[in-house]
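Owing to the predicted nature of the structure, the values given are computational and were not obtained by experimental measurement.
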Amino acid sequence: EVQLVESGGGLVQPGGSLRLSCAASGFSFGTYDMAWVRQAPGKGPEWLSGINSGDGRTYYADTVKGRFTISKDNSKNTLYLQINGLKPEDTAVYYCATTRTAWGEWGQGTQVTVSS
């Protein structure tokens, strides 16, 4: 029932920007916490950012703080991740997650590749 569909990734040059989206369905989007996670080739998943459902408080991993901005639009059931100043080490598959599924059901992810 719960579905998370990520989009917005692509191939960009270092220093570029992307806006990732996560379209959620099958649950009451506005009442659950959301997060972004990524997984680089050959590495385990890395938590990036989260946003509380109640007060909208945001959280960021130290590695992305200042470059990544998480937001959401409850009326559209959509989570966003604005990424600026992309670096080659940002190359990964980006996923969204929710407390609705105890952080499971990540969706198919969207590929971000940063290369010259």
pair [X]-[Y]: side-chain heavy atoms closer than 4.5 Å:
X    : Y   : result
S115 : P88 : no
Y32  : N52 : no
R57  : Y59 : yes
V12  : L18 : yes
E89  : T63 : no
S21  : Y80 : yes
I83  : L20 : yes
T98  : D33 : no

Same cluster or not: are [X] and [Y] linked, directly or through other Ile, Leu, Val, Met, Phe, Trp or Tyr residues, by side-chain heavy atoms under 4.5 angstrom apart?
X   : Y   : value
V37 : V64 : no
V93 : L48 : no
Y94 : L11 : no
F27 : V5  : no

Strictly distance-based, threshold 3.5 Å: is any side-chain N or O of [X] a donor or acceptor partner for the main-chain N or O of [Y]?
X    : Y    : result
Q108 : E6   : yes
S49  : Y60  : no
W106 : W103 : yes
T78  : K76  : yes

Run the salt-bridge test on K87 and D90 with the 4.0 Å N-O cut-off and return the result as yes or no. no

Supply the atom-to-atom distance [X] [atom1] to [Y] [atom2], rounded to the nearest 0.5 angstrom.
X   : Y   : atom1 : atom2 : answer
S53 : M34 : OG    : CE    : 10.5 Å
F68 : W36 : CZ    : CH2   : 10.5 Å
C96 : L4  : SG    : CG    : 4.0 Å
I70 : C22 : CD1   : SG    : 9.5 Å

Is the terminal nitrogen or CZ of R38 (NZ for Lys, CZ for Arg) located under 6.0 angstrom from the six-membered ring centre of Y95 and within 45° of that ring's axis? no

For R19 versus S71, what's the shortest heavy-atom pair and its separation? NH2-OG, 4.4 Å

Apply side chain to side chain contact (heavy atoms under 4.5 Å, CB included) to residues T91 and V112 and explain how you reach the verdict. CA-CA 5 Å; T91 296; V112 172; 5.9 Å; no

Do the side-chain N and O atoms of N84 and S17 include a donor-acceptor pair separated by under 3.5 angstrom? yes

